[in-house]
Novice: 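Starting off with a structure, shown below.
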Amino acid sequence: MDKILDGRHVYHSVLDRLTGQISDLKKATGKSPGLAVVLVGEDPASQFYVASKKRACKKIGVQSFEHILPATVSESELVAVIESLNKDDEVDGVLLQLPLPKSLNPDRVLDLISPDKDVDGFHPLNVGKLLLGLDTYKSCTPYGVCEILDHYKIDTVGKHVVIVGRSNIVGKPLAAMLIQRGYDATVTICHSKTENMAEITRAADILVAAVGVAELITADMVKQGAVVIDVGINRINDETLEKGYRVVGDVAFDSVLEKASAITPVPGGVGLMTIAMLMTNTVQSFRNRLA
Ligand code: NAD
C-alpha cells in the first residue's frame, strides 16, 4: 500500500470515471446532469468552494447553474429560489453553500431542498436512510473518506475505526457509513467531552480526525501501523510565506507519518474528495430522475 494516500489522484480518477459515464448518458438520452449552487453573501472561502465546484462541473460535462444572492436576502426570497430549483427539470442537484449569514437559519432552508435533489446528503430523510443502510445520497466529505479507503483497498472489516469529531457533516455520517455491511468496521466516536482520548485513539486501526483544531493528533496518540485520515483544514500563521499563513490538518503530519502505515496529507488528501463525491451524487440523481 502507498504510504501517502493521495487525494488528488483519487479525485482525478473519480472525475475520469464520471466523465465516461456522463458521455455515455448523453449519447443515450441527449441530456447531461445539472447542478445548481446557491451562494448567499460574499464569504471568500465560500466563493472559492463554489468556483472549485464549477470547475469540476465543467471538466466532466455537468451543467452548472449559479444563483448568487446578497447577504441581505430574506429567508422567504431564498426559499423561493430553492423551491424553483426543486421544480426545474434541468436541475438534478441543489446545493446551498454554507455557512449562511447569521440572519438565516440553515437547517430550516436545507430541509426545503427536495430530498431527491439533495446531492449534499444533508436532508434529514437522506441522513436517516444512510443510517438504515438504504440507498441514498451520502454526505460528500465522509463519502470521500470512504472512496479513499476503497481506492487504496484499505481493509475495514472488523477493524477498529476511531473518528474524532461528531459533526453532522463528517463524524456522524462517516460512522453511519462504516458500520454498514460491506465496511463492517467497529466504530468509536470521540468529541470535545471525551475523557482519556489518547487511550482511545491509540486503539484505532484506522484513525479519522475531523475536528478543526490544527495538529491536535500527535504521534503519541497513534498506534504503530495505523491508517490515519485527516479531514481537518486549518489556517495557521506563517510569516515566512507571502500570504502569511499555511494550511494544516488536524494531525501533526511529520511525526505521525513515522508511525502510520498510511496517511492523507493536508492539502492533497480528503479536501478535494468532497467535490468529487458531490459530482458522483449529481450523476446518481440524474440517473435516478431518468428512471
Ligand atoms: P465542527 O466544528 O462542526 O465539529 C468539530 C467536532 O470536533 C465537534 O464534534 C467537536 O465535539 C469535536 N472537537 C472539538 N474540539 C475537540 C477536541 N479538543 N477533542 C476532541 N474533539 C473535539 O467541524 P466539521 O465541520 O466537522 O469540520 C471538522 C474539520 O474538517 C474542520 O477543520 C473543517 O475545515 C474540515 N472539513 C473539511 C472538509 C473537506 O475536506 N472538504 C469538509 C468539511 C469539514
Side-chain angles (χ1 to χ4, degrees), residues 5-11 14-15 37 43-53 55-56 95-100 106-107 110 119-122 127 137-149 151 161-178 187-204 207-218 220-222 228-236 245-253 256 263-281:
L5 306 173
D6 181 355
R8 281 201 184 94
H9 168 72
V10 187
Y11 168 82
V14 172
L15 260 49
V37 177
D43 174 50
S46 295
Q47 287 173 333
F48 172 80
Y49 290 127
V50 167
S52 312
K53 286 163 190 171
R55 268 197 306 278
L95 182 146
L96 177 63
Q97 184 65 46
L98 299 177
L100 291 180
D107 293 332
L110 285 172
V119 287
D120 247 342
F122 290 166
V127 177
Y137 300 113
K138 302 180 182 91
S139 178
C140 300
T141 303
Y143 194 7
V145 170
C146 291
E147 184 71 28
I148 289 179
L149 296 174
H151 181 93
V161 177
V162 175
I163 302 169
V164 186
R166 60 173 162 187
S167 73
N168 290 343
I169 62 165
V170 190
K172 284 183 202 163
L174 182 60
M177 288 177 209
L178 292 175
V187 179
T188 302
I189 298 194
C190 299
H191 48 78
S192 51
K193 297 287 189 328
T194 298
E195 293 180 359
N196 304 322
M197 192 167 80
E199 261 174 46
I200 302 168
T201 58
R202 270 197 297 271
L207 177 60
V208 182
V211 190
V213 177
E215 302 178 335
L216 175 78
I217 306 294
T218 46
D220 59 308
M221 299 169 78
V222 177
V228 179
I229 308 284
D230 190 353
V231 181
I233 301 176
N234 311 291
R235 280 184 180 191
I236 56 171
Y245 69 88
R246 67 197 158 88
V247 173
V248 298
D250 290 343
V251 175
F253 183 82
V256 172
I263 183 168
T264 57
V266 177
V270 176
L272 277 172
M273 292 309 298
T274 302
I275 295 176
M277 305 329 283
L278 173 69
M279 298 297 129
T280 303
N281 282 344

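One-based numbering, in listed order, for ligands and for the atoms of each. Only a predicted model underlies this, so the values are computations on that prediction, with no experimental measurement involved.
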Novice: With a cut-off of 4.0 Å, which atoms of ligand 1 are near a heavy atom of M197?
Specialist: 19 (N), 20 (C)
Novice: Is there a heavy atom in C190 that sits closer than 4.0 Å to ligand 1?
Specialist: no
Novice: What residue and atom, counting heavy atoms only, is the protein's closest point to atom 6 (C) of ligand 1, and at what distance?
Specialist: G165 CA, 3.7 Å
Novice: Check contact between T194 and ligand 1, using heavy atoms of the residue and a distance below 4.0 angstrom.
Specialist: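 T194: no contact with ligand 1 (<4.0 Å).
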Novice: With a 4.5 Å cut-off on side-chain heavy atoms, are R166 and S192 touching?
Specialist: yes
Novice: So which heavy atom in the protein is nearest atom 8 (C) of ligand 1, and how far is it from that ligand atom?
Specialist: R166 N, 4.0 Å
Novice: Which of the atoms of ligand 1 are close to I169, meaning less than 4.0 Å from one of its heavy atoms?
Specialist: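 Per the distance check, 25 (O), 43 (C).
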Novice: Using a strict 4.0 Å cut-off to heavy atoms of N234, name the atoms of ligand 1 that fall inside it.
Specialist: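 Every atom of ligand 1 under 4.0 Å from some heavy atom of N234: 32 (O).
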Novice: Please write down residue, atom name and distance for the protein heavy atom closest to atom 21 (N) of ligand 1.
Specialist: H191 C, 3.1 Å
Novice: About how many Å separate CG of L5 and NE2 of H151, when rounded to the nearest 0.5 Å?
Specialist: 9.5 Å
Novice: Is there a side chain to side chain contact (heavy atoms under 4.5 Å, CB included) between M197 and M221 once you walk through the steps?
Specialist: CA-CA 8 Å; M197 192 167 80; M221 299 169 78; 3.7 Å; yes
Novice: To check your reading of the model: name the closest protein heavy atom to atom 44 (C) of ligand 1, its residue, and the distance in Å.
Specialist: V170 CG2, 4.1 Å
Novice: Which residue holds the protein heavy atom closest to atom 23 (O) of ligand 1, what is that atom called, and what is the gap in Å?
Specialist: V211 O, 4.1 Å
Novice: Search all heavy atoms of V251 against all heavy atoms of A209 and return the closest pair with its distance.
Specialist: CG2-CB, 3.9 Å
Novice: Please could you name the atoms of ligand 1 that A210 approaches to less than 4.0 Å, counting only its heavy atoms?
Specialist: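 Those qualifying, in numeric order: 5 (C), 6 (C), 7 (O), 28 (C).
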Novice: Please name the residue in the list D230, V164, V228 that meets the side-chain contact (heavy atoms from CB on, under 4.5 Å) test with I217.
Specialist: V164
Novice: Under 4.0 Å from a heavy atom of V164: which atoms of ligand 1 are those, numbered in the order shown and with their elements?
Specialist: 20 (C), 21 (N)
Novice: At under 4.0 Å between heavy atoms, is it the side chain or the backbone of T141 that contacts ligand 1, or both, or neither?
Specialist: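 The side chain, only.
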Novice: For the atom pair CE (M273) and OG1 (T280), what is the distance rounded to the nearest 0.5 Å?
Specialist: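 Nearest 0.5 Å value for the CE-OG1 distance: 7.5 Å.
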Novice: Write out the residue and atom name of the closest protein heavy atom to atom 11 (O) of ligand 1, then the distance separating them to 0.1 Å.
Specialist: S192 N, 3.1 Å
Novice: What protein heavy atom sits nearest atom 41 (N) of ligand 1, and how far away is it?
Specialist: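 The answer is T274 OG1, 2.7 Å.
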Novice: To the closest 0.5 Å, what do you measure between OG1 (T274) and CG (D120)?
Specialist: 9.0 Å
Novice: Kindly state if atom 36 (N) of ligand 1 has a protein heavy atom within a strict 4.0 Å cut-off, that is, under 4.0 Å?
Specialist: yes
Novice: Could you check which of G212, G171, P142 puts a non-hydrogen atom nearest to atom 31 (C) of ligand 1?
Specialist: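 Going through G212, G171, P142 one by one, G212 has the nearest heavy atom to atom 31 (C) of ligand 1.
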Novice: Of all the heavy-atom pairs spanning L272 and Y11, show the shortest one and how long it is.
Specialist: O-CD1, 3.3 Å
Novice: Would you say I233 has any N or O atom under 3.5 Å from an N or O of ligand 1, going by distance alone?
Specialist: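 For ligand 1, there is an N or O atom that lies under 3.5 Å from one belonging to I233.
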Novice: I need the L174 CG to L149 CG distance, nearest 0.5 Å.
Specialist: 8.0 Å
Novice: Could you grab the distance from atom CE of M177 to atom SG of C146, nearest 0.5 Å is fine?
Specialist: 5.5 Å
Novice: Applying ring-ring contact (aromatic ring centres under 6.0 Å, His included), can you list everything that pairs with H191, at least two apart in sequence or on another chain?
Specialist: none
Novice: So for ligand 1, is D250 a polar contact partner (N or O within less than 3.5 Å, distance only)?
Specialist: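 No; every N/O pair is 3.5 Å or more apart.
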Novice: How close does the nearest protein non-hydrogen atom get to atom 4 (O) of ligand 1, and which residue and atom is it?
Specialist: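 Sorting protein heavy atoms by distance from atom 4 (O) of ligand 1 puts S167 CB, 3.6 Å first.
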Novice: Below a 4.0 angstrom heavy-atom separation, can you tell me which part of V231, side chain or backbone, both or neither, approaches ligand 1?
Specialist: both
Novice: Tell me, do L96 and F122 make a side-chain contact under 4.5 Å, heavy atoms counted?
Specialist: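 With C-beta onward as the side chain, the pair stays apart.
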Novice: Nearest 0.5 angstrom please: F253 CZ to I263 CD1, how far?
Specialist: 5.0 Å
